[in-house]
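One structure is given here, and the rest of the page talks about it.
Remember, predicted model here, so these are calculated numbers, not experimental data. Each chain gets a letter, A, B and so on, in the order its sequence line appears, and its residues count up from 1.
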There are 4 protein chains.
Amino acid sequence: MSVNKVILVGNVGKDPEVRYFENDRAVANFPLATTERGFTTSSGQQIPERTEWHNLAVWGGLAKVVESYVKKGTQLYIEGKLRTRSWDDKDGNKRYTTEVIVENLQMLGRKSDNPSSTGQAANTGTSAAPQNQQPVSSPPQQSPTQYSNNDSNEGSPEEDDLPF
Amino acid sequence: MSVNKVILVGNVGKDPEVRYFENDRAVANFPLATTERGFTTSSGQQIPERTEWHNLAVWGGLAKVVESYVKKGTQLYIEGKLRTRSWDDKDGNKRYTTEVIVENLQMLGRKSDNPSSTGQAANTGTSAAPQNQQPVSSPPQQSPTQYSNNDSNEGSPEEDDLPF
Amino acid sequence: MSVNKVILVGNVGKDPEVRYFENDRAVANFPLATTERGFTTSSGQQIPERTEWHNLAVWGGLAKVVESYVKKGTQLYIEGKLRTRSWDDKDGNKRYTTEVIVENLQMLGRKSDNPSSTGQAANTGTSAAPQNQQPVSSPPQQSPTQYSNNDSNEGSPEEDDLPF
Amino acid sequence: MSVNKVILVGNVGKDPEVRYFENDRAVANFPLATTERGFTTSSGQQIPERTEWHNLAVWGGLAKVVESYVKKGTQLYIEGKLRTRSWDDKDGNKRYTTEVIVENLQMLGRKSDNPSSTGQAANTGTSAAPQNQQPVSSPPQQSPTQYSNNDSNEGSPEEDDLPF
DNA sequence: TTTT
DNA sequence: TTTT
């Protein structure tokens, strides 16, 4: 009945904060920046570049990957869903925060950018690609840059356990 | 350098509010609900269904389409980007609101669901479909269910003109 | 290191064919049509509407959902990945077929469009929606319109068991 | 009425071939590899890593960007749509080829990976990010790594002019 | 082969 | 505030 999907490619704004809860459950929180290029409208107006900051929350096993490999400046591809939480501020006002609950995460860039990597060169394959057809290839190995949360119980429910 | 993309399928929570500005520029604002099904975790915990509400903002020509065809209850597919705006509340606190700036919108459901439609019958093409291959077809016309904002100056810049 | 994602909203071209294998493993295959509207280029050229046909393959539990609820004409949202298979034709030429392996599927449209539905009424929640903010809602039950394959062993491996 | 969307992150398999047509219209064609990690099923079966090759076609201004900046090994994010073309082979059989018509393309990786770049460091921002809120930032510079085709007459129509 |  |  519904789809709630976010796809971001951007740079991590600061080192993730990772917190652990009962049952070894973890969350990593960090900001991710996406930047839209500036441009000139048809009417000649100059629109400057604009950076958007997204609050990411990464649960479970993925949080540990984040703890080990993601830091300020890292370029990431993430897939997730939107979640808005509410809380009461010191003045008794209802406040809202929108986060992206990350469900899939990829570290981008060449091997040499990922300290975690073995430094091996980027895969390009060597299979012949006859006349614009799709060869079915079989390649080498890969370093730890792809991760996914499919527990389906990530992110939401236990959030109520959290000291937000 | 960046990707900031949101894809939602959900139901409109109330009739859109459309506002017009100088130069016939328009915005439509309305809430869209997405609902995640409840489930039972592997440890037997019951997780209830959860509805997420998204604030949508639709600019330009798309806003007029929204004005004409979208209303409370309409099922929509939308594609857009995240935008967080800040403002100062009555207590002088900085407040943040996250919206989805809609760039592409599709009305879902059968014709009979869209009051706008003429209820006209359908179908075309008679090409054979041999062994799981993809024939290339060639068809007729279409009614108003697909719309896209590619002005590239939608949504952001003139936001500063707005009485938010 | 990689993302391979397809998102389609379209109509089912014919009733799915479902095949069962050992261990009660199932696949459903069917074509899905997406249609791009025709338009007129800036130079005045008329570009007609164009329909694209996609070969979908749905594995596992999702295949059974397809068997029960999806038929010719059904409007679907699907998420999946691209897969190109090769085979040798009668003339000894290598042939390629590209399919979309479905990982998530949603039936679109109102209840009345889904014969599977119980036609039951709806709605919940009474939370106020102050000034464009996102309330957090709390809900009931759901009918069979959302399904997902997260076995992670869907689609690919056992394909080798198949009589393609 | 329809959505036909592909999102890929992968590595370019060989240097793009760029062809020019009348009116300075260009296409770039090249293969992109995406790789799924291998895994072990719950029943203990070892599923090896698998690489999928996608045929990309990039039209118009984007093709020139590709010509200048994309080469074998480049890591790309692309967004596009599926297109299946048919042709008759030497034995008189109808053959089908599925391509991804690219509509948006991003070069990934650090500046230093993009020969086009000025070698400047990756942006991370320095704005404070109070209590998990979304600061509205104001950013630095950007190099030529984001490009989009929104002519809406890209890719399809003039394809008929082509010597495929 | 769908749907508009 | 939607929808199932």
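- Between C:L108 atom CG and E:dT2 atom C1' the separation is 14 Å, expressed in whole Å.
- Atoms CD (C:E52) and C1' (E:dT1) sit 13 Å apart, rounded to a whole Å.
- Atoms CG (B:L76) and P (F:dT2) sit 15 Å apart, rounded to a whole Å.
- Note: B:F21 and B:W59 have parallel aromatic rings, judged against thresholds of 30 and 60 degrees for the angle between ring planes.
- Of all nucleotides listed (E:dT1, E:dT3, F:dT1), F:dT1 comes nearest to the side chain of B:K14.
- Here the C1' atom of nucleotide F:dT1 and the CZ atom of B:R50 are 15 Å apart, to the nearest Å.
- A salt bridge does not link A:K81 with B:E52: none of the charged nitrogens is closer than 4.0 Å to a carboxylate oxygen.
- Remark: the B:T51 side chain and the F:dT2 base include a donor-acceptor N/O pair separated by less than 3.5 Å.
- Taking every side-chain heavy atom of B:P31 into account, F:dT1 is the closest of F:dT1, E:dT1, E:dT3.
- For C:A33, taking side-chain heavy atoms from C-beta onward, the closest of the listed nucleotides E:dT2, F:dT2, F:dT1 is E:dT2.
- Here B:W53 packs flat against the base of F:dT1; its ring centre is closer than 5.5 angstrom to the base's six-membered ring, tilted by less than 30 degrees.
- Rounded to an integer number of Å, the gap from CG of B:D15 to C1' of F:dT2 is 11 Å.
- Atom CG of B:N29 is separated from atom P of F:dT2 by 18 Å (rounded to the nearest Å).
- Among the atoms of the strands shown, none is found under 4.0 Å from any heavy atom of C:G10.
- Put simply, the side chain of D:S2 never gets that close to the backbone of C:T34: no donor and acceptor are under 3.5 Å apart.
- Taking OG1 of D:T97 as the reference point, atom CZ of D:R83 lies at 13.0 Å (rounded to 0.5 Å).
- We find that CG of B:L32 is positioned 10 Å from C1' of F:dT3, with the value rounded to whole Å.
- Of the possible polar contacts, one joining the B:Q75 side chain to the C:G109 backbone as a donor-acceptor pair under 3.5 Å is found.
- As rounded to whole Å, 7 Å separates atom P of F:dT3 from atom NZ of B:K72.
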